[in-house]
Every structure is written in C-alpha cells, then in structure tokens.
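Okay, so here's the structure we're looking at.
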Amino acid sequence: MSISKLSEALNRYDQYGIIRVNTFQTLYVVICLFLVNFIFGPPYMNQLLPILGIGIIAAGTSPSYRRRQQVVALFVVIAIVWYICVNLVVNHNLATILVNAFLLSLLYWLGRRIPLFAGIALVCYLLGIILPPLKISGNFGVYYNLIAMCAIYLIVVIAAMNLFPRIYYNRIWVRAVYLSVSELTTILRLLASGNGDFANSKHLIGLYRITSGLTQKEFTFCGRRVNIALLRIYSYLTALKMQVLPTNSAALLAAAELCDNLCLQITRGEKISANAWLIEDLPQNIKFALQQLIIVWNKTCSKV
C-alpha cells in the first residue's frame with residue numbers, strides 16, 4: 001500500500017517521469033566520475049567535482065537527451081573560466097572585482113535573451129566564492145593544467161551520458177502520449193454526454209516539448225506524426241464543442257472506447273488491432289486522425 005501511494009505521489013509530481021530518468025542518469029554519471037577518480041586520482045578534483053556535479057544537476061529538468069549534454073558542456077566551460085578569473089591574482093584587488101563584475105554583467109545581459117544564462121551567472125558566481133582556491137594563484141601553468149583536466153573530465157562525463165540508454169527518454173515521450181490519449185478519452189465521453197465544458201489539453205504542450213528532445217531520426221519522425229494526429233483530433237473536438245460539426249453520442253462513445261484500447265496497448269507496448277473507419281457517424285476528419293494515430297503507433301512506437 002505504501003509503495004502504491006509513493007508511486008501515485010511521484011506520478012502527480014513528475015507526470016512524465018522526466019525528473020526520475022534525469023536523476024537516474026545523474027547518479028550514473030556521478031558514479032562514473034568517482035570510479036575514474038578512485039582509479040587514477042588526478043589533481044584538482046576538489047575544484048572539478050563541484051563544477052561537474054552542479055553542471056549535471058543543472059541540466060536535470062531538460063527532457064532532451066542531447067540538450068542535457070549541451071547544458072553540461074556550456075555550464076562547465078563558463079564555470080571554469082569564471083573560477084580562473086576569480087583566482088587570477090594572489091591577492092584579490094580592485095582589478096579582480098572589476099573583471100568579475102564585467103563577467104557577471106555580461107552573463108546577466110545574455111540572460112535577458114537566453115534565460116539559461118541568468119541561472120548560470122548566479123551559480124558560477126557562487127562557485128567562484130565557495131570553491132577552494134588554487135594553491136598557486138596567478139601561475140598560468142596551473143591554469144593550463146586545470147583546463148586540461150577539466151577537458152578530460154568533461155569528455156568522460158559526455159561519454160558516460162552518451163552510454164546511458166536512450167530508450168528511457170523515449171519512454172518519457174510514450175508516457176506523455178498515454179496521458180494525452182487518456183485525456184482525449186475523457187473529453188470524448190464529456191461530449192457524448194452533452195457536456196462541452198472542458199479545458200484545452202494540458203498534456204499536448206508537454207508532449208510537443210518532449211518530442212523536440214527525441215534523438216533517433218526514425219522515431220522522431222513518427223513521434224511528430226503522432227503529435228500532428230493528436231492536434232487534429234483536439235482541433236476537431238473543439239469544433240464539436242463549438243457545435244461546428246454534427247455530434248453523434250454513440251459514435252463519440254465508440255471513439256472513446258477505441259482510445260481506451262489505445263491507452264491499454266500503450267501501457268503494454270503492443271500493437272492495436274482496432275480500425276477507426278469502422279465507427280459509423282463519426283466525422284471523417286476525426287476518423288482519419290485516429291487511424292493515423294493507430295498506424296504510426298503500430299509501425300514504430302510499439303517497439304519502444
């Protein structure tokens with residue numbers, strides 16, 4: 001009972017599983033870093049581990065397999081440059097303050113155009129303060145070694161992230177499809193009962209955001225076809241709500257049953273044998289969109 005309650009709480013907080021998958025990947029990458037450190041014991045780990053660790057955590061909200069790697073690389077590069085600027089002289093003076101004020105202003109200026117930079121600016125500023133200082137400040141040989149070690153460890157992090165199975169990120173998309181179709185079933189039943197009081201889909205926007213993070217070309221193409229089919233269905237249901245198209249309660253209930261079957265097959269990862277064209281008196285546009293949804297699912301998405 002307690003496990004089911006925990007699962008329900010996680011599903012409410014993290015509907016698509018993005019945070020859970022990203023947390024799993026973060027732990028996996030951090031373990032790889034600690035193994036490399038345990039085997040080789042390289043220098044500057046007191047400085048590098050916090051930067052790499054915070055960089056991985058900073059990308060934790062992105063549903064994109066590739067964008068997470070880009071965020072980590074961008075954060076680490078900016079953070080290491082900032083850290084070197086903070087430790088540029090032995091005794092911090094007015095010049096150090098002016099250089100860091102310029103960098104902070106530059107990042108916040110970029111943050112007005114790209115919101116990601118505003119968060120990076122704040123975290124980099126804090127890192128420059130709390131990280132242990134270099135033993136020999138002002139020695140450029142130390143900086144070269146630090147940059148070289150940072151590059152090596154960044155390669156290790158990106159390689160570990162690439163070895164993480166992409167199927168987990170595809171399953172995030174499948175979860176979003178399931179919730180969108182489940183919401184579609186509820187709307188169809190509301191329309192069949194004569195109740196047109198339903199809000200716009202809250203999962204369709206999330207589905208489009210997640211689709212942009214898919215990396216396999218074939219799967220991405222089919223995923224976008226699913227998005228288009230769902231968008232068409234929601235558009236036609238809005239037309240039914242506004243009484244632009246004729247409404248047939250029996251046909252809408254049959255379509256709701258078909259969507260229920262689709263939800264069940266999505267959960268099991270199986271193909272769907274139903275045919276939307278067999279539903280009589282359902283508007284042709286909705287029939288076509290439902291059939292396209294079934295075809296695309298049976299072709300590629302059921303393999304996920």
Side-chain angles (χ1 to χ4, degrees), residues 7-8 11-18 63 170-212 214 219 221-304:
S7 178
E8 291 175 1
N11 287 332
R12 285 195 302 270
Y13 179 72
D14 183 24
Q15 291 182 324
Y16 308 124
I18 296 173
N170 292 344
R171 293 300 301 178
I172 292 174
W173 178 85
V174 172
R175 172 69 179 172
V177 172
Y178 168 81
L179 291 174
S180 298
V181 176
S182 179
E183 188 178 43
L184 177 62
T185 304
T186 304
I187 293 174
L188 284 167
R189 290 203 170 101
L190 285 174
L191 287 172
S193 64
N195 184 4
D197 186 17
F198 60 87
N200 295 328
S201 173
K202 62 181 180 180
H203 295 297
L204 201 58
I205 297 175
L207 179 62
Y208 270 82
R209 179 170 172 260
I210 293 168
T211 305
S212 65
L214 300 177
F219 187 78
F221 176 72
C222 292
R224 295 187 187 280
R225 288 182 61 190
V226 169
N227 291 357
I228 293 171
L230 285 172
L231 181 60
R232 284 177 175 173
I233 295 172
Y234 278 108
S235 300
Y236 298 141
L237 293 183
T238 303
L240 288 175
K241 175 183 177 181
M242 304 300 293
Q243 298 181 350
V244 176
L245 295 176
T247 305
N248 184 291
S249 299
L252 291 176
L253 286 174
E257 291 296 328
L258 188 147
C259 290
D260 264 339
N261 183 27
L262 177 56
C263 286
L264 182 62
Q265 303 308 318
I266 288 174
T267 304
R268 296 176 178 176
E270 299 175 352
K271 293 186 177 181
I272 303 166
S273 58
N275 191 342
W277 294 110
L278 298 178
I279 304 175
E280 298 180 0
D281 299 327
L282 189 67
Q284 293 295 318
N285 294 330
I286 299 180
K287 279 185 183 181
F288 177 77
L290 278 173
Q291 193 61 32
Q292 288 298 307
L293 185 61
I294 292 171
I295 290 172
V296 176
W297 174 262
N298 288 341
K299 182 178 179 181
T300 301
C301 303
S302 60
K303 302 174 184 178
V304 179

From [atom1] ([X]) to [atom2] ([Y]), nearest 0.5 Å:
X	Y	atom1	atom2	result
Leu290	Leu184	CG	CG	7.0 Å
Trp173	Ile18	CH2	CD1	14.0 Å
Ile187	Ser182	CD1	OG	10.0 Å
Glu183	Cys263	CD	SG	11.0 Å
Leu293	Asn227	CG	CG	10.0 Å

Legend entry - Heavy-atom side-chain contact between Asp260 and Arg189 under 4.5 Å: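 Of all side-chain heavy-atom pairs linking Arg189 with Asp260, at least one is under 4.5 Å.
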Legend entry - Contact check, side chains of Leu230 and Val181, non-hydrogen atoms, under 4.5 Å: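 Sidechains of Val181 and Leu230: in contact.
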Inset, instruction - Return yes if a side-chain donor-acceptor contact under 3.5 Å exists between Gln265 and Asn261, otherwise no. - result: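 Judged by distance alone, the side chains do pair up.
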Legend entry - Those residues that, when tested against Ile228, pass side-chain contact (heavy atoms from CB on, under 4.5 Å) (two or more places apart):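 Residues passing side-chain contact (heavy atoms from CB on, under 4.5 Å) with Ile228: Arg232.
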Inset, instruction - Taking side-chain contact (heavy atoms from CB on, under 4.5 Å) as the test, write out the residues that go with Ala251, two or more places apart. - result: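 Residues passing side-chain contact (heavy atoms from CB on, under 4.5 Å) with Ala251: Asn248, Ile279, Asp281, Leu282.
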Legend entry - Closest contact, heavy atoms only, Arg171 versus Ile266: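 For Arg171 and Ile266, the tightest heavy-atom pair comes out as NH2-O, 4.4 Å.
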Inset, instruction - I would like to know whether Leu253 and Leu188 meet side chain to side chain contact (heavy atoms under 4.5 Å, CB included); could you show each step before the answer? - result: CA-CA 7 Å; Leu253 286 174; Leu188 284 167; over 6 Å; no
